[in-house]
Amino acid sequence: MLNNRYRIDYENDLNPSQYEAVTFTDGPLLVIAGAGSGKTRTLTYRVARLVEEGVYPASILLLTFTRKSAQEMLKRATTLLDERCEQVSGGTFHSFANSTLRKHGHLLGIGSGFTIMDRADTENLFAMLIKDHGISKEYDSFPKKGTVANVLGKAVNKSKTIEDIIYDDYPHLSNVAQGLVRLSELYKQAKADQSFLDYDDLLVFLKKLLTDFPDTAKKLANQFDYVMVDEYQDTNLIQAEITRLICGESPNIMVVGDDSQSIYSFRGANFQNIMDFPGTFENTKIIRLEENYRSRQPILNLTNRLIEGAREKYTKKLFTNLEGGTKPTLISAGSENRQSNFIVETMEQIASQGVPLSEIAVLFRAGFHSFDLEIELTRAGIPFVKYGGFKFMESAHIKDVLAHMRVISSPSDRLSWSRILLLIDKIGPKAASNIYNEIKTKKSGYAGLFTIRPKPAYKPGFERLQELYAEIDAKSFSVAELGEIVLKYYAPYMEDKFDDFPKRAKDLEHLLAIMHRYSDITEFMTDMALEPPSALSGGVLSEAAFDDDKLVLSTIHSAKGLEWHTVFVINVLDGRFPSVHSINKNEDLEEELRLMYVAATRARENLFFVYPGQAYDRASGVFMNSPSRFLDDIPDEFLEMQYWD
């Protein structure tokens, strides 16, 4: 019978472990949520339960890794209970850091009007600094801007020195270590000069604020009675420390995650955070969610056996009440092309039984592992979408448009001014730099354009730019109206710059539709940096692709959190999966095992592991012909072996 105190029948809606987690309210709680075990449902019901208990909604903080996740959970909680759940403080670590720093950043010397740089901005600033200071000329070869961003970003996220990162992951760059250290200092100064913060800075400065200003930290801790963190296995060291600092002295904290799905160390995620949680928070209660609502038992039998091989873990055994199912299969194909043929033929058979192509996925450890398959799929006329390629906000046409809008709210943004000016015919990097310096000297933002007398070579294009900002300066416009003005100006450049400009025009229409949601341009620019849309109309990478009946090709890292009727995991060849580079490092090998586990737990009905019987690795000069060591010793009762010659 439903307790009259509650509108929701928690006990009957949830399984016993979920119910225990939802109703636990006092002290630290670690929920080990196995794959497909209803993690989101548990968090959603706990939000509703706390609100029903009378907890002030705004004093509940829900931290997730995407804003979409937080919004979805709070929307579900609102549907379960009522609109009070909409008042819960939900968002990402980065959005929480952003809002906190805009209120309290002055304590660290950070103005509230800072601009957030995305990855492309970061790389471009590195490129400018390398050129301006002649750093690359000091060495026979210097890493490209993307590699520089990777090295310095890892140092921040892993809380290590640049030298340590180079020693561990980039030993071939040891000769340029001092150049990278110097570049790092120049980068910090350039950001400070232009009021820039990158993604890493948001977390670094939030942690510094909480550490150096205990009174402010105490006020924040008192603001939240309950803290919840989703996907805790994906946190880095700084995020784990932020979590500890905002919980105060009497932590009512619940973190949810799965150590077996910790696969993002290359982004700085620290596997030890979830393992060390009980040591960080005394008297931690541990609850395991082991009932799986996704996969048939034969698949779970295999995944349970697979993860037994992990040296360090929270032991759990997934089970399901779903009946039936077929045993997973390991396929040895004669060659990489035969591997592709097997997938095409088997996938066609499954599709002929009424399974949509979009319910079938081919997963792989690295993007190049699917190249041969892509050729065979194209030859067979089978439509597919591949996870990879540029994201929406990283595409040049989106960056171009946003640069024109960003200088309105951030007049000293050198990166955006450079991007704007370089579009104009006959303006090169030197001229763009000179024009920017003149604008900055006058400290008048885009109004500085009106006093500049352009050189004859680029006068027509420059005058057109002056006309654009004269129109913008004439009166107040909404964010969407500004967007329309900029898009009209930009259209000729896009048509001249890109052969596929009609597709890119659709992307800009999508961007304009997003602008209509905003009344403040700074808020719009901040959200575009923190939580950008991910869909390109060209169909490169998007959840919207699932709306079409296309086969899904994806790296395993991109597939986490998703599921399909049938999953093929390809190139499960020792030396490729695990990679040859990870075999001699225990930590890396353990993560490769977890990566295999994540791949296997995406399947609901059918699971195939496929490997070419022989492949040649050019880098090592070695022939590889054995299945992954993770699968090689699994008994026949869990994994059936077949040959496809």
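Heads up: numbering here begins at 1 and tracks the sequence.
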Quiz item: For I238 and N157, what are the C-alpha separation, side-chain angles and deciding distance, and is it a side chain to side chain contact (heavy atoms under 4.5 Å, CB included)?
Solution: CA-CA 7 Å; I238 300 174; N157 280 292; 5.5 Å; no
Quiz item: Under 3.5 Å, is there a donor-acceptor pair linking the side chains of T122 and D198?
Solution: no
Quiz item: Looking only at heavy atoms, what is the nearest atom pair of Q194 and S412, with distance?
Solution: OE1-O, 3.2 Å
Quiz item: Do D234 and F65 come close enough that some side-chain heavy atom pair is under 4.5 Å?
Solution: yes
Practice problem: For K208, look at atom NZ and say whether over 12 heavy atoms of other residues, nucleotides or ligands are found less than 6.0 Å away. | Solution: no
Exercise. Indicate whether the side chain of E438 and that of N434 have a donor and an acceptor atom separated by less than 3.5 Å.
Key: no
Practice problem: Determine the minimum heavy-atom distance between Y493 and L423, stating which atoms define it. | Solution: CE2-O, 3.3 Å
Practice problem: Look up atom CD in E374 and atom NE2 in H369, then write down how far apart they are to the nearest 0.5 Å. | Solution: 12.5 Å
Exercise. Mind running salt bridge (charged side-chain N to carboxylate O under 4.0 Å, His left out) on D527 and R67 for me, showing each step along the way?
Key: CA-CA 10 Å; D527 277 3; R67 183 170 60 176; 3.1 Å; yes
Quiz item: Does the side chain of Y458 reach to within under 4.5 Å of the side chain of I435, using non-hydrogen atoms?
Solution: yes
Practice problem: Give, for atom NZ of K426 and atom NZ of K455, the distance between the pair rounded to the nearest 0.5 Å. | Solution: 14.0 Å
Self-check item: Nearest heavy-atom neighbours spanning G90 and A70
Solution: C-CB, 4.1 Å
Quiz item: Between E231 and K560, does at least one N-O distance fall below 4.0 Å, as a salt bridge requires?
Solution: yes
Quiz item: Step by step, would you call K188 with E185 a salt bridge (charged side-chain N to carboxylate O under 4.0 Å, His left out)?
Solution: CA-CA 5 Å; K188 289 177 185 176; E185 293 304 315; 3.6 Å; yes
Quiz item: Centres of the H557 and F266 rings: under 6.0 Å?
Solution: yes
Practice problem: State, with a plain yes or no, whether a side-chain heavy atom of T115 is found less than 4.5 Å away from one of S195. | Solution: no
Quiz item: Side-chain contact, heavy-atom cut-off 4.5 Å: I110 with D201?
Solution: no
Quiz item: Which pair of heavy atoms, one from S89 and one from A58, lies closest together, and at what distance?
Solution: OG-O, 3.0 Å
Practice problem: Evaluate the side-chain proximity of Y469 to H404: yes if any heavy-atom separation is below 4.5 Å, no if none is. | Solution: yes
Quiz item: W417 versus L449: any side-chain heavy-atom pair under 4.5 Å?
Solution: yes
Quiz prompt | Spacing of CZ belonging to R267 relative to NZ belonging to K158, to within rounding of 0.5 Å | solution = 13.0 Å
Self-check item: Heavy-atom closest contact (F462 atom, P454 atom, distance)
Solution: CD2-CB, 3.6 Å
Quiz item: Is T92 close to N98 at the side-chain level, that is, under 4.5 Å between some pair of heavy atoms?
Solution: no
Quiz prompt | Pairing of R182 and E138 as salt bridge, 4.0 angstrom limit | solution = yes
Exercise. Please state whether the rings of Y518 and F524 are parallel, tilted or perpendicular, taking 30° and 60° as the class boundaries.
Key: perpendicular
Self-check item: No-hydrogen, no-angle side-chain donor-acceptor test under 3.5 Å, Q239 and E241
Solution: no
Quiz item: Counting only heavy atoms not in K497, do more than 12 sit closer than 6.0 Å to its NZ atom?
Solution: yes
Exercise. Give a yes-or-no answer on whether the side chains of Y446 and D473 include a donor-acceptor pair shorter than 3.5 Å.
Key: yes
Self-check item: Point-to-point distance, once rounded to the nearest 0.5 Å, from CG of L125 to CD1 of I130
Solution: 9.5 Å
Exercise. Check step by step if side chain to side chain contact (heavy atoms under 4.5 Å, CB included) holds for M405 and V479.
Key: CA-CA 9 Å; M405 299 185 69; V479 177; 4.2 Å; yes
Quiz item: Would you call K154 and D168 a salt bridge, using N to O less than 4.0 angstrom?
Solution: no
Practice problem: Using a 4.5 Å cut-off on heavy atoms from C-beta on, say whether the side chain of Q178 contacts that of Y139. | Solution: yes
Practice problem: Apply the test salt bridge (charged side-chain N to carboxylate O under 4.0 Å, His left out) to residues E72 and R76: give CA-CA distance (whole Å), side-chain angles for both, the deciding distance (0.1 Å), then the verdict. | Solution: CA-CA 6 Å; E72 181 64 26; R76 291 188 190 182; 3.1 Å; yes
Quiz item: At their closest point, which heavy atom of G153 faces which heavy atom of D200, and how far apart are they?
Solution: CA-OD2, 3.7 Å
Practice problem: Using only heavy-atom distances, determine whether the side chains of Y490 and D400 contain a donor-acceptor pair under 3.5 Å. | Solution: yes
Quiz item: Thinking salt bridges, do R406 and D121 make one under a 4.0 Å N-O criterion?
Solution: yes
Self-check item: Pairs touching residues 457-468 that satisfy salt bridge (Lys or Arg N to Asp or Glu O under 4.0 Å), sequence neighbours left out
Solution: K459-E463
